[in-house]
**Student:** 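What follows is a single structure, and I will ask about it in a moment.
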Amino acid sequence: MAGESLERRVAALEERVARLEAEPGAPRAPRDEVFWALEGLRRRLTGSGQVLFTGALELPTGEYYEWQQGAVTDGLLDADWSQGAASYAALGHPARLTLLRAALHGTRSAAQLQESAGLHTTGQLYHHLKQLTAAGWLQAEGRGHYRVPAGRVVPLLVMLAAVLPTENPTENPTTGE
C-alpha cells in the first residue's frame with residue numbers, strides 16, 4: 001500500500017513538472033546550450049558582425065559531408081547582390097529542386113533524373129540540367145550522370161532549411177535592442 005502511494009505521488013509530480021515545462025515562461029535550457037554555434041561565432045566576431053552556416057551530414061547514398069562557411073556582414077551588405085541572381089534563379093523551379101533532391105538521394109543518371117522529376121521530354125530535362133550546372137548546383141559526372149558538388153551540398157540544405165517549415169527550429173527572434 002505504501003508503494004502505491006509513492007507511485008501516485010511520483011506520477012503527480014511528473015505531471016506537475018510536465019505542465020510547468022509546457023507553460024509560457026517556463027525555464028529553458030541555458031542560452032549557450034541552445035545556441036552553441038552562435039556563442040562560438042560571438043567569441044570570434046570581427047567588425048560589425050558575421051554570419052556562419054555549417055553542417056555535417058550523411059546522405060542516403062552513404063556520402064558524408066562537413067562544411068562551414070562564414071562571411072563578414074559589412075562585405076555582404078555592401079556586395080552586389082545581383083551577382084547571386086542566376087544561382088537563386090536556378091533553384092526557382094520545382095522540377096530543378098526535385099532533380100537536386102533526387103541527386104542527393106543517389107539518382108544520378110539522366111534517365112532516372114528525368115523520371116524522378118516527372119519530365120516528359122529529354123528537352124525539358126536538359127533545359128533544367130543546363131540551368132543547374134551553369135549555376136554550379138549540379139556537375140556532370142561521366143556521360144549522362146550528374147551529382148551535387150561537395151561544396152554545394154550543405155549550402156543547398158542550409159538554404160532549404162531557411163525557407164522550409166521545420167518541426168523544432170532553434171531560433172532567436174530577438175533583435176538585441
**Student:** Please tell me whether Val72 and Leu52 are part of a single hydrophobic cluster in this structure, the criterion being side-chain heavy atoms less than 4.5 Å apart.
**Tutor:**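 No, no single cluster joins them.
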**Student:** Give me the atom names and distance for the closest heavy-atom approach of Arg96 to Ala89.
**Tutor:**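 That would be NH1-O, 3.3 Å.
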**Student:** What heavy-atom pair brings Leu91 and Met159 nearest, and what distance separates the two atoms?
**Tutor:**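 Between these two residues, the closest heavy atoms are CD1-CE, 3.4 Å.
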**Student:** Strictly distance-based, threshold 3.5 Å: is any side-chain N or O of Trp137 a donor or acceptor partner for the main-chain N or O of Tyr88?
**Tutor:**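 Flag not set: sc Trp137 to bb Tyr88 has no pair under 3.5 Å.
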**Student:** Strictly distance-based, threshold 3.5 Å: is any side-chain N or O of Thr54 a donor or acceptor partner for the main-chain N or O of Trp67?
**Tutor:**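 Such a contact is found between Thr54 side chain and Trp67 backbone.
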**Student:** If I compare all heavy atoms of Glu66 with all of Ala56, which pair ends up nearest, and what's the gap?
**Tutor:**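 Glu66 and Ala56 have their closest heavy atoms at CG-CB, 4.0 Å.
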**Student:** Taking atom OH of Tyr146 and atom CG of Leu113, what is their separation to the nearest 0.5 Å?
**Tutor:**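 Going from the OH atom of Tyr146 to the CG atom of Leu113 covers 8.5 Å.
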**Student:** Please give me the minimum heavy-atom distance between Ala90 and Gln131, naming the atom from each residue.
**Tutor:**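 Distance-wise, the nearest heavy atoms are CB-O, 3.6 Å.
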**Student:** About how many Å separate NE2 of His128 and CG of Leu138, when rounded to the nearest 0.5 Å?
**Tutor:**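 Spacing of CG (Leu138) from NE2 (His128) equals 12.5 Å.
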**Student:** Whether the side chain of Arg44 engages the backbone of Gly40 through a donor-acceptor N/O pair (distance < 3.5 Å, no angle test) should be reported.
**Tutor:**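 Checking the backbone N and O of Gly40 against the side chain of Arg44, a donor-acceptor pair under 3.5 Å is found.
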**Student:** Could you state the interatomic distance from CZ (Phe35) to CG (Leu41), rounded to the nearest 0.5 Å?
**Tutor:**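 Going from CZ on Phe35 over to CG on Leu41, the span is 13.0 Å.
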**Student:** Measure from the side-chain N and O atoms of Thr73 to the backbone N and O of Gln50, and report whether any donor-acceptor pair falls under 3.5 Å.
**Tutor:**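 Yes; at least one donor-acceptor contact below 3.5 Å.
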**Student:** Check whether Phe53 and Trp81 end up in the same hydrophobic cluster, where Ile, Leu, Val, Met, Phe, Trp and Tyr are linked by side-chain heavy atoms less than 4.5 Å apart.
**Tutor:**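 In one cluster with Phe53: Trp81, no.
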**Student:** Let me have the donor-acceptor pairs involving side chains of residues 97-108, under 3.5 Å, with sequence neighbours excluded, atom names and distances please.
**Tutor:**
{"from": "Thr98", "atom 1": "OG1", "to": "Pro94", "atom 2": "O", "distance (Å)": "2.9"}
{"from": "Arg108", "atom 1": "NE", "to": "Ala103", "atom 2": "O", "distance (Å)": "3.1"}
{"from": "Arg108", "atom 1": "NH2", "to": "Glu63", "atom 2": "OE1", "distance (Å)": "2.9"}
{"from": "Arg108", "atom 1": "NH2", "to": "Ala103", "atom 2": "O", "distance (Å)": "3.4"}

**Student:** In Å, rounded to the nearest 0.5 Å, how long is the span from OG1 of Thr61 to OH of Tyr64?
**Tutor:**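 Separation between the atoms: 13.5 Å.
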**Student:** Restricting to side chain to side chain contact (heavy atoms under 4.5 Å, CB included), what partner residues turn up for Gln114, sequence neighbours left out?
**Tutor:**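 If we apply the side chain to side chain contact (heavy atoms under 4.5 Å, CB included) test to Gln114, skipping adjacent residues, the hits are Leu119, Thr122, Leu125.
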**Student:** Treat each ILVMFWY residue as a node, draw an edge where side-chain heavy atoms are under 4.5 Å apart, and state whether Val158 and Leu132 are in one component.
**Tutor:**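 The answer is yes; both residues are in one hydrophobic cluster.
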**Student:** How long is the gap from CD on Gln124 to NE2 on His127, to the nearest 0.5 Å?
**Tutor:**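 Nearest 0.5 Å value for the CD-NE2 distance: 9.0 Å.
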